[in-house]
Structure formats: structure tokens, C-alpha cells
Student: 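Here it is, the structure in full.
So that the names make sense, note that chain A is the first sequence line, chain B the second, and so on, each numbered from 1. Since this is a predicted model, take the numbers as computed values, not measurements.
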2 protein chains.
Amino acid sequence: MVTIDDVAKRAGLSKSTVSRVINDYPHVSIKKKEKVFEAMKELGYVPNSSARSLRNKKTQMIAVLVPRIMNPFFGQLAESMEIQAAKHGYQLLICQTMYSKETELKHLELLKMRQVDGMILTSIENEWDVVKEYLSYGPMILCNEFEEEATIPTVKFDQIHGGYVATKHLIRQGHKKIAYCTGGQKSNVGQHRRRGFNLALQEYHLSFDERYGFYDAFSIEDGIRIFKHIHQMPDPPTAVFTGSDEVAAGIITGAKEYGVSVPEALAVIGFDNQVITKLMDPKISTVEQPIPFLAKRAVEVMVDRISHKGNDQEVYEYPLELIIRESTVSPIRAVE
Amino acid sequence: MVTIDDVAKRAGLSKSTVSRVINDYPHVSIKKKEKVFEAMKELGYVPNSSARSLRNKKTQMIAVLVPRIMNPFFGQLAESMEIQAAKHGYQLLICQTMYSKETELKHLELLKMRQVDGMILTSIENEWDVVKEYLSYGPMILCNEFEEEATIPTVKFDQIHGGYVATKHLIRQGHKKIAYCTGGQKSNVGQHRRRGFNLALQEYHLSFDERYGFYDAFSIEDGIRIFKHIHQMPDPPTAVFTGSDEVAAGIITGAKEYGVSVPEALAVIGFDNQVITKLMDPKISTVEQPIPFLAKRAVEVMVDRISHKGNDQEVYEYPLELIIRESTVSPIRAVE
DNA sequence: GTCATTTTTGAAACCGATTTCAAAAAGTCT
DNA sequence: AGACTTTTTGAAATCGGTTTCAAAAATGAC
């Protein structure tokens, strides 16, 4: 392996000087600088990153904790962050918690071991009290997920408004019996969406029938299962608010199978604006989350925190946008 | 920051002994061992990974190069590999080339910098002559993608057979005019599929009409576009072989829009067996690639190579399986 | 109890970079 | 030319671990 000493010897200089050239420090004569460059090129020298990290106490790596990258939302988030991190000279270490507390804790140890300079949490499996202990080992920020009590920078979407506009849209299409169908009941993201949902119901003086609440909906299969359940209810809902496009797609698939027309007999709204929304027939109305903006800001905030800039309490919130397609609006009915 | 010296001082021992305890070396008396554990616990000590990497010349990290994680095939591959790597005590650094030569080269430098112990390539953007130069810096293996001239371990699917069975299936449904619709023309994966495609045509003494060849199909949108093109041809094909489920879905979506019935007027077969195949109407016939097996073996081979085990020339090939659904077989027609 | 052998322990070197500090070289000004 | 700055350079310390090697302690054999 070629080390800085080899380069120094080849150039007939000390390694201090070579190091200065590598890091573009001043006070190196042009002649010697050229000699060093020549030696580096001849030997094909590249600095050893472990040695650099040890001495600099910086690894130029940021970890991002996501449940799974195959989840389209988190996959896109991770992808956008990687691109952004590269622009700032950082590697992104994508860590999947697989919805497991233990795996999450294992990944949090990366901060203790100083394997990463900072950590971006996009979801939280453990209690906040457990997670916050790791704050003493390095900067952490929240992105997408959030915690009321957390005193760390947070970059999030306005989920309350997202839940609100989606529900309001359903109500304005004439629906009064609206089902609520979502995944993580413990996540604050989900709770805020629910708050927006309730807000809209209140505004129109509607009440929520608890029989219409489903809190275990994550996948397409869950959507199909829930449709079947709804279908055989004595007084079924006429519209469904879902927490993800996949679940919405599942419900529509189920409806199709049972000959229930969407949106006429059952309106369905998704969340995320994934590709699938444009592929299903009918195309799925949804709430778009502008993921790249979130990712960009999260990385920027993280990079600032690593260099001790910025404020612990900063909170950035991005708006969500309702996208009306076919699964909530009958073509013959007037579009709002 | 708590270091090994702090632990040593606290336990009233030398850091050599502490190191021995950490690494579970023999020749440490039980008494001292307990003292060390106690001190580590009290101080909340965790070894610094940069320091370890520097001394051990091992980072316990494996890089995997994928085009994009949002591509369902590569996303699943990366996810499976991550799980597998964790079992062997390795971190997986997922690197997206974004189909760019420069980005790929930038990631290859990780091996030079010794930031990773090895590299798994799932696709190759640069010429092999360029990539192979990096072999001298650390172990590299191919997974999914392959190179005839490469003398490194390879884990792949039998793409020739995959192309063959899919095409044969279409032919046996009575199709004679079959379009070929794929993405990377330079990838060896694609070339092998094509070889299988040709093999099936030959077997049934059919010839290929070059007007039916499309080599720029990656996404759903591409599929829609290609359908439109096919649709206005004077003598259109009656079946389409595609290189991905997304493209197949696009073609079906386009067909639906123009009132062309699938599979009656146009049979479509996908590749990968992604979720979408079960969601489209009609459900998409496809070729399944058992990704987790590939991922598992790739990581195992990589781990062996890092510890200088195994053979450079080893090639592992996994079979592909045809899955017949609705997009190639009319329900009224007999199923083969 | 002595000597040989084995087990346990710690001082010091090492991994490959960066940084400090002081010395050497070069430049400036009487 | 000599005194005083300023720029350039290298020796040595440092980061936090692991490993080598020799010494110390414990054990065993007689």
C-alpha cells in the first residue's frame, strides 16, 4: 500500500510537506508542490481514509435511518439525500431498521463508535427517551418524523394540513361516512394526519364512526383485506382516507374484484403520490410530499450541525399538496 | 470522548489488557476481565472504529454499486444484501451510480482509499478495462452483471434461459410477430436475454423483424410511448417481450388507453416479478429472479474473498422462473 | 526449595494521516 | 553586512486502537 511516507521519500521531502500539499495549505513553494503532485501521480497515491478519520475526528459519513429502502417513500428520501450529501463531500450510510427496535439501537451505536459524523432519523422505533441518550455522542436531526419534546433540528412536512385537505376534499365530494385507514398509530406523522382528518370532520360537523378506523394498513395486501372487511359491513363507509398509495391501490384492487365501482360507490384517496397512482385504473387521488426538498434541507441542516453551525431548535416545515385524480372524483360529476 | 486509556486507568490495568478483553483473547485472568468489563460499563466505552480500522486494516464495510435504489430490482438486491452483510458483521455502503460513469469511478475510489474492504458490482457503467484497474486495491465481485473476460467471482442469474422461456411461452401461445423491448443494450445481462430470445425464435424457425426492436425502454413512460409507436405500425407485433415489469405495465397502460385488449390483441410479458405485476389488470406474466438467493451468495463470496478464501474464477448461476399470469394467456384459451 | 515451564501482564512500537513547534531559508530594510 | 521579518520546511507528537516482545507472576515437577 502506498502511504504518505512513500510519497515523501519519492519527492525527497518530509511527509509534513506532502500533507500540506494534499490539504492545500499555504506556505508551500510552487516547486515542491509540483514535486509532490508528481510523486503522488507516479505512485498512484490516495490518502487512507481510516487514518484521516482518526486524526481529524471526522469520517465524512452521515447515517440515515429508514425503516426500509423498499418502501417507496423512504427509498426516495434516501436517494435524494445521497445525492445531496455527495454535493457536500459526505458519504451517506443508509441504515434500515426493518421496523425493529433492536436493529435501530444497533445502528445508533454507529454514532458512539464515531463511525459517522451525524445521524438523520426519518422514523423512530424506540421511545424518544431511549434515543435521546445518543445525542451526547454526535449530532442527530429528525427528518419527516418528529417529536414534540425533542430539542434537535427537525425537517418535516405539514402532515396536519395534509390530512386536512385530503379529508376536506372527500367531504366536499359529498361524503359523510369516511373510513380512516393507516399504518403506524404510534408515529407522530400518523397522529398529525389524524389530527388534520379530525379537523376537517369538525369543520363540517361530522362525527367519526370508530368502526371505520383501521390502524394496521401498510401494504397492498392490507388494503385488499380491509376492503373485504368494509364490503361486508352493514352500513359501510362511502369514502376511505388512506395513509399510503399502496393501501389505496389495495382497496381499489379489492373493489374491482368485487365489482364495486370507484369512485362512484367508494371514493379512495392515497398519500405520497407514488408512480402507482398514475397506473391504477382509476388513477388515484393523493397528497404529494415533495421529498427532494425535505431531503435537501435535512442534509444541509446536518452538515451545519456537524460544523457546529445552526440552532438546535430549528424546525423547517414543508407544505403538502392535494392531487386530484380519478379515485375520488366521478368523471360525470363536476370537479371542485 | 472515552478512550481505551480511560478504561485502563479506571480498571487499574494497561490498555493492552483492556484490548485483550475487548477482543476476547485468551490469557487474561477472570478477575481482571471482570474489572475491565466493569470499567467499560461505568464509562460507557465503545471502541472508536476509525482507530480500529487503521490498525486492523479492515473497515468491516462492503460497498455495493447499484444504478439506483429506487429501481425495484436493485433496491431489493441492496436490501437483501444489507441484511446478509449484517449477519457477517459487515456494514453495507450502498452507492448509487445514477447510470453515470463519473459517479461510478468516484465510488470505485472507495476501494483505493481503503474505506471499504470490498466492492460488489451489480452493474457496470465504465468499460471493463477501466474498472479492472481497481482490482489491485481490494476484492471486487460481480453480482447480477457479468463480464466474459473478468477473472473475478461472479454471482448471476441464467439470463439466457430467462429470455428463452419467456419467448418460448409467447410462441407457444401462437405468436409469430414478437417485439423486443429492453433497456441497456450494452449490459451483458440484456445481451444474454436477447440470446435466449433469439434461441427460442430459431427453435421455432421464426425470424425477427428489426422494426420490432426497441432498445430504450426503462420506465413506465417508455412503455406507454412504445405502445403508441407499435399501435400505429402498418403490421404491428402481436406480442411484446420486455426487460422489466415497469415497461410491461406501461405498454398495458397504453393499450388500455387505446382500447387494445391484452392479451387478446397484444400479449405482454414482463421481467422481475415486482409487486406491480399482481396489481395491473390484467395481471402481468413475468420471469421471476430470486433476488434474495443472489444477494446471500454474493455477500458470502465477498466475505470469503476479504479473508482470502475462495477462488477468483468461481461463478454461481441461479435459474429464473417463468410466472404465467393474465397478460399473455387469454382466460378463454387453454393454458399451456 | 529450586528450577523449568506456562500463564498473565504492561511498555513500547505501530497503523497512516495531521498538526505543532522550532529551526532553516529567504526576503527586507537600514 | 547585519539585524529583523516572513516564508518554508521537517522532526516529533498525536489520534485511539492492536500487537509484539520481554518481564513478572503463577504453576508444576522433582
Side-chain angles (χ1 to χ4, degrees), chain A residues 1-37 39-40 43-61 89 109-117 137-138, chain B residues 1-37 39-40 43-61 89 109-117 137-138:
Chain A
M1 195 195 166
V2 184
T3 73
I4 197 170
D5 284 296
D6 300 326
V7 177
K9 204 172 287 175
R10 179 89 170 209
L13 293 161
S14 75
K15 57 180 182 169
S16 321
T17 303
V18 177
S19 176
R20 285 190 191 99
V21 173
I22 292 169
N23 296 288
D24 200 26
Y25 282 171
H27 305 311
V28 179
S29 67
I30 301 171
K31 256 189 175 169
K32 314 244 156 139
K33 205 180 253 184
E34 275 167 0
K35 262 192 186 167
V36 171
F37 278 129
M40 289 204 297
L43 297 173
Y45 170 77
V46 172
N48 178 302
S49 60
S50 301
R52 282 193 129 166
S53 299
L54 175 59
R55 179 64 225 221
N56 293 338
K57 292 174 177 292
K58 286 272 138 58
T59 58
Q60 297 298 112
M61 283 235 268
E109 292 287 315
L110 290 172
L111 209 53
K112 254 193 190 171
M113 302 189 303
R114 312 281 157 162
Q115 191 162 130
V116 296
D117 295 340
Y137 302 108
Chain B
M1 194 192 169
V2 183
T3 73
I4 197 170
D5 284 297
D6 300 326
V7 176
K9 202 173 288 175
R10 179 89 170 209
L13 293 161
S14 74
K15 57 179 184 168
S16 323
T17 304
V18 176
S19 176
R20 283 188 193 102
V21 173
I22 292 168
N23 296 288
D24 199 28
Y25 281 171
H27 305 311
V28 178
S29 67
I30 301 170
K31 255 189 176 170
K32 315 244 156 143
K33 203 179 254 185
E34 275 167 1
K35 262 192 187 168
V36 171
F37 278 129
M40 290 205 296
L43 298 173
Y45 170 76
V46 173
N48 178 302
S49 60
S50 301
R52 283 191 130 166
S53 299
L54 175 58
R55 179 65 223 222
N56 293 339
K57 291 171 176 293
K58 287 272 139 60
T59 59
Q60 298 298 112
M61 282 234 271
E109 291 288 313
L110 290 173
L111 209 53
K112 254 194 190 172
M113 303 189 302
R114 311 281 156 161
Q115 189 161 131
V116 296
D117 295 339
Y137 302 108

Student: C/dG16 phosphate, OP1 or OP2: any side-chain N/O from B/K57 under 4.0 angstrom?
Tutor: yes

Student: Between C/dG10, D/dG16, D/dT18, spot the one nearest the side chain of B/M1, thanks.
Tutor: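 The answer is D/dG16.
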
Student: Does D/dG16 have OP1 or OP2 sitting under 4.0 Å from an N or O in the side chain of B/T3?
Tutor: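 No, outside the criterion.
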
Student: Looking at the side chain of A/N48, which of C/dA17, D/dG17, D/dT9 is the nearest nucleotide?
Tutor: C/dA17

Student: For a 4.5 angstrom cut-off between non-hydrogen side-chain atoms, does B/M61 reach A/Q115?
Tutor: yes

Student: Are more than 12 heavy atoms from other residues, nucleotides or ligands located less than 6.0 Å from atom NZ of B/K112?
Tutor: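 Correct, the count exceeds 12.
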
Student: Return the nearest nucleotide to the side chain of B/S16; candidates are C/dA11, D/dA13, D/dT8.
Tutor: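 Looking only at side-chain atoms, B/S16 lies closest to C/dA11.
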
Student: Please collect all side-chain hydrogen bond (donor to acceptor under 3.5 Å, both in side chains) contacts where either partner lies in residues 7-18 of chain B, sequence neighbours excluded, each pair once.
Tutor: B/R10-B/E42, B/S14-B/T17

Student: Consider the side chain of A/N56, meaning its heavy atoms from C-beta on, and name the nucleotide among C/dT9, D/dG16, C/dT18 that approaches it most closely.
Tutor: C/dT18

Student: Could you please name the option among C/dG10, C/dA17, C/dT18 that lies closest to any side-chain atom of B/S14?
Tutor: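 The answer is C/dG10.
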
Student: Among C/dT18, D/dC15, D/dT9, find the nucleotide with the atom closest to the side chain of A/K15.
Tutor: C/dT18

Student: Which nucleotide, C/dA17, C/dT18, D/dG16, lies nearest any side-chain atom of A/P47?
Tutor: C/dA17

Student: Pairs under 3.5 angstrom, nitrogen or oxygen only, protein versus nucleotides 4-6 of chain D, please.
Tutor:
none

Student: Look at all strands and tell whether B/N23 reaches a base, only sugar-phosphate, or nothing, counting heavy atoms closer than 4.0 Å.
Tutor: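 Touches sugar-phosphate only.
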
Student: Using a 4.5 Å cut-off on heavy atoms from C-beta on, say whether the side chain of B/I22 contacts that of B/I4.
Tutor: yes

Student: By the 4.0 Å heavy-atom rule, please label B/S19 as base, sugar-phosphate, or nothing.
Tutor: base

Student: Looking at every non-hydrogen atom in both residues, tell me the closest pair between B/R114 and B/T59 and how far apart they are.
Tutor: O-CG2, 3.2 Å

Student: Which comes earlier along DNA chain D counting from the 5' end, the contact point of B/S50 or that of A/V28, where each point is its nearest nucleotide?
Tutor: A/V28

Student: Looking at the side chain of B/R20, which of C/dT9, D/dT19, C/dT18 is the nearest nucleotide?
Tutor: C/dT9

